Engineer: 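Dropping a structure here in structure tokens format, bear with me for questions.
The structure presented is a predicted model; accordingly, all values stated were derived computationally and were not measured. First the proteins, then the strands, lettered A, B, ... as listed; each starts at 1.
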2 protein chains.
Amino acid sequence: MTQTKRADVHNSDVPVLCRSCEARHRGVCGALTPPQLLELAKHTAKTTIAAGSPIISDGDNIQRYANILNGVVKLAKLTSDGRQQIVGLQFAPDFLGRPFSERSEFDVEAATDVYVCSFPKDTLNRLAKQSPELEHRLHEQTLKELDEARDWMLALGRKSAAERVASFLHFIALHIHPEADDTKGAVQFDIPLTRSDMADFLGLTIETVSRQMTKLRQAHVIEIENNRTIAVADLSKLKQASETNRD
Amino acid sequence: MTQTKRADVHNSDVPVLCRSCEARHRGVCGALTPPQLLELAKHTAKTTIAAGSPIISDGDNIQRYANILNGVVKLAKLTSDGRQQIVGLQFAPDFLGRPFSERSEFDVEAATDVYVCSFPKDTLNRLAKQSPELEHRLHEQTLKELDEARDWMLALGRKSAAERVASFLHFIALHIHPEADDTKGAVQFDIPLTRSDMADFLGLTIETVSRQMTKLRQAHVIEIENNRTIAVADLSKLKQASETNRD
DNA sequence: CGACGCCTTGATCAACTTCAAATTTTGTGG
DNA sequence: CCACAAAATTTGAAGTTGATCAAGGCGTCG
């Protein structure tokens with residue numbers, strides 16, 4: 001009977017707070033057993049953060065980790081004289097925070113309105129010691145972030161402004177429509193960043209971003225419904241533009 | 001007595017192959033018990049790879065992982081039309097290979113002559129399942145690589161050519177002389193990359209790299225003994241140049 | 001309506017690339 | 001150890017890309 005109990009990973013044992021939470025399926029919480037979830041749920045707080053607000057500042061002592069339940073978060077670095085580079089974008093149900101480190105190496109800010117479920121570092125660290133599966137999930141996310149960071153290094157180091165903007169739109173399109181076929185098909189979506197954030201992500205100025213958006217529109221690769229809303233009739237054309245556009 | 005035996009993590013139980021190996025202290029092998037080391041050592045091969053030779057090609061099925069025992073390895077991505085970007089540099093005793101993935105997302109090449117200890121993926125994966133500490137070490141290395149990748153994103157996206165070259169030299173100087181004081185002090189070292197590799201790392205052309213090296217020499221920030229060998233009289237000047245040099 | 005924030009467009013300029021040698025360094029065979 | 005060829009690096013001149021500087025348009029919210 002204890003066996004039945006342990007095998008039952010279904011709703012009855014899962015904390016109410018967590019029942020409909022995406023992080024319990026695709027996020028790090030999926031590694032936790034119902035009792036562990038309960039332990040964590042005792043200390044969680046769900047919060048909304050307005051677009052543009054800081055979540056963690058560079059060098060802050062991070063007291064809490066969080067899961068993104070909704071919205072987009074940007075990770076930004078600053079040079080000593082104030083130039084900014086966005087070094088990562090995170091989406092639900094990503095884990096937010098740098099495990100095993102006291103300090104954040106960058107600013108964490110809400111790009112859109114963001115809804116997070118946060119919990120104390122200590123609690124998660126304790127659970128991570130009990131659960132290799134939890135560390136494994138964190139490791140998998142870190143590997144995914146590393147792959148993405150390296151993709152952007154290629155774009156920042158070697159792609160033209162036109163290619164970078166197309167790469168970015170392609171990246172966002174596939175994030176918002178994961179089911180879309182990379183090589184063909186039409187999608188519509190909202191860019192979760194302002195032109196200024198796009199510029200900071202792409203290592204360009206807002207003027208250059210704007211000009212390249214205009215060129216993509218004129219080349220009928222995208223339609224700009226309003227500043228944020230974009231329609232792509234054929235993703236393969238966007239992908240093409242992200243790899244070869246020296247104009 | 002079995003207790004004494006288990007507690008004894010000293011040389012007697014350690015495979016001969018591993019006794020003087022750096023990876024057993026600072027690398028991933030440090031997570032393994034003597035029996036686990038022995039298991040791994042049964043399948044290891046130590047190999048030398050000449051500078052410029054590929055270790056793993058983009059998209060290869062990786063059959064083996066490896067530890068770097070000596071030398072510098074570059075991780076490079078290519079655009080479809082052949083532009084190259086180096087997305088990471090690895091040094092002894094770094095672990096080489098992408099855990100939990102069949103394919104490499106980039107080319108892995110020896111930057112200098114490299115001496116590695118390689119072993120089959122399967123063996124390590126099996127050990128990783130037994131040993132949370134092993135996965136933890138791999139995770140820590142991934143986190144370190146991610147931090148470095150993001151530092152370079154800032155350089156690639158927002159720093160001038162002069163700043164990038166100075167940043168690179170500063171990075172290499174501290175890697176080769178970890179004991180050096182970041183803010184002052186003199187060091188001398190060999191750059192483990194050619195000008196061409198430096199360019200691919202910094203998202204510049206070899207001509208621009210060369211010109212910026214010349215400027216740093218003329219500004220008495222560095223002395224160029226020969227192409228590869230550099231002397232820095234005052235690291236703080238190099239650091240300064242890596243943050244503010246719009247010339 | 002007016003002000004403000006955000007985005008676009010235009011003109012000019014600087015940084016970096018490209019193309020083309022010249023020069024230095026390295027590796028090899030005698 | 002020297003001579004010579006090949007490779008790597010430096011240097012120069014001209015060309016491009018994207019940044020900077022400067023308006024102007026559009027939409028939203030009081």
Engineer: Give a yes/no on whether any side-chain N or O of B:Ser210 is located under 4.0 angstrom from OP1 or OP2 of D:dT9.
Structural biologist: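 So the side chain of B:Ser210 is outside the cut-off, no N or O lying under 4.0 Å from OP1 or OP2 of D:dT9.
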
Engineer: Would B:Arg211 and B:Glu207 pass as an ion pair if we require N to O under 4.0 Å?
Structural biologist: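 Salt bridge between B:Arg211 and B:Glu207, a charged N being under 4.0 Å from a carboxylate O: no.
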
Engineer: Tell me if the side-chain of B:Gln212 makes a donor-acceptor pair with the base of C:dC16, cut-off 3.5 Å, by modelled atom types.
Structural biologist: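 Flag unset: no donor-acceptor pair detected.
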
Engineer: Taking 4.0 Å as the cut-off, does a side-chain nitrogen or oxygen of B:Ser160 come that near to OP1 or OP2 on C:dA15?
Structural biologist: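 So the side-chain polar atoms of B:Ser160 never come under 4.0 Å of the phosphate oxygens OP1 or OP2 of C:dA15.
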
Engineer: Between atom CD1 in A:Ile206 and atom C1' in C:dC6, what is the gap in whole Å?
Structural biologist: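 Rounded to whole Å, this separation is 8 Å.
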
Engineer: In whole Å, what is the span from the CG atom of B:Asp113 to the P atom of C:dG27?
Structural biologist: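 Value for this atom pair: 11 Å.
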
Engineer: Expressed in angstrom and rounded to an integer, what is the separation of A:Glu207 atom CD from C:dT12 atom C1'?
Structural biologist: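 Spelled out: CD on A:Glu207 to C1' on C:dT12 is 13 Å.
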
Engineer: Should the pair B:Phe171 and B:Phe168 be assigned to parallel (<30°), tilted (30 to 60°) or perpendicular (>60°) ring geometry?
Structural biologist: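 Tilted: the ring planes of B:Phe171 and B:Phe168 meet at 30° to 60°.
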
Engineer: Output the rounded distance in Å from CG (A:Leu202) to P (D:dA19).
Structural biologist: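 To the nearest whole Å, that distance equals 10 Å.
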
Engineer: Confirm from the modelled atom types if B:Arg211 and D:dG12 form a donor-acceptor pair under 3.5 Å, side chain to base only.
Structural biologist: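 Pair found.
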
Engineer: Does B:Thr208 put a side-chain nitrogen or oxygen below 4.0 Å from OP1 or OP2 of C:dT17?
Structural biologist: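 It does, given that an N or O in the side chain of B:Thr208 lies less than 4.0 Å from OP1 or OP2 of C:dT17.
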
Engineer: Please give, in whole Å, the distance from D:dC26 C1' to A:Glu225 CD?
Structural biologist: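 The answer, rounded to whole Å, is 17 Å.
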
Engineer: Give one of base, sugar-phosphate or nothing for B:Gly203, where a contact means two heavy atoms less than 4.0 Å apart.
Structural biologist: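 Here B:Gly203 touches the backbone only, sparing every base.
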
Engineer: Count the heavy atoms belonging to other residues, nucleotides or ligands that lie under 6.0 Å from NE2 of A:His220, then report whether that count exceeds 12.
Structural biologist: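 Result for NE2/A:His220: open.
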
Engineer: Does A:Thr194 make a side-chain N or O approach to OP1 or OP2 of C:dC6 shorter than 4.0 Å?
Structural biologist: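 No, A:Thr194 has no side-chain N/O under 4.0 Å of OP1/OP2 on C:dC6.
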
Engineer: Roughly how many Å is it from CZ in A:Arg83 to P in C:dA15, rounded to a whole number?
Structural biologist: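 Going from A:Arg83 (CZ) to C:dA15 (P), I get 13 Å.
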
Engineer: Atom CE of B:Met213 to atom C1' of C:dT24: distance rounded to whole Å?
Structural biologist: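 Atom CE in B:Met213 sits about 15 Å away from atom C1' in C:dT24.
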
Engineer: Using a strict cut-off of less than 4.0 Å between a Lys/Arg side-chain nitrogen and an Asp/Glu carboxylate oxygen, indicate whether A:Arg83 and B:Glu243 qualify as a salt bridge.
Structural biologist: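 So A:Arg83 does not pair with B:Glu243 through a salt bridge.
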
Engineer: Among D:dT9, C:dT17, C:dT9, which is the nearest nucleotide to the side chain of A:Arg217?
Structural biologist: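 My answer, after comparing the listed nucleotides, is C:dT9.
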
Engineer: Are B:Lys74 and B:Asp107 within salt-bridge range, i.e. N to O under 4.0 Å?
Structural biologist: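 Looking at B:Lys74 and B:Asp107, the cut-off is not met.
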
Engineer: Output the rounded distance in Å from CZ (A:Arg228) to C1' (D:dC26).
Structural biologist: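 Value for this atom pair: 16 Å.
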
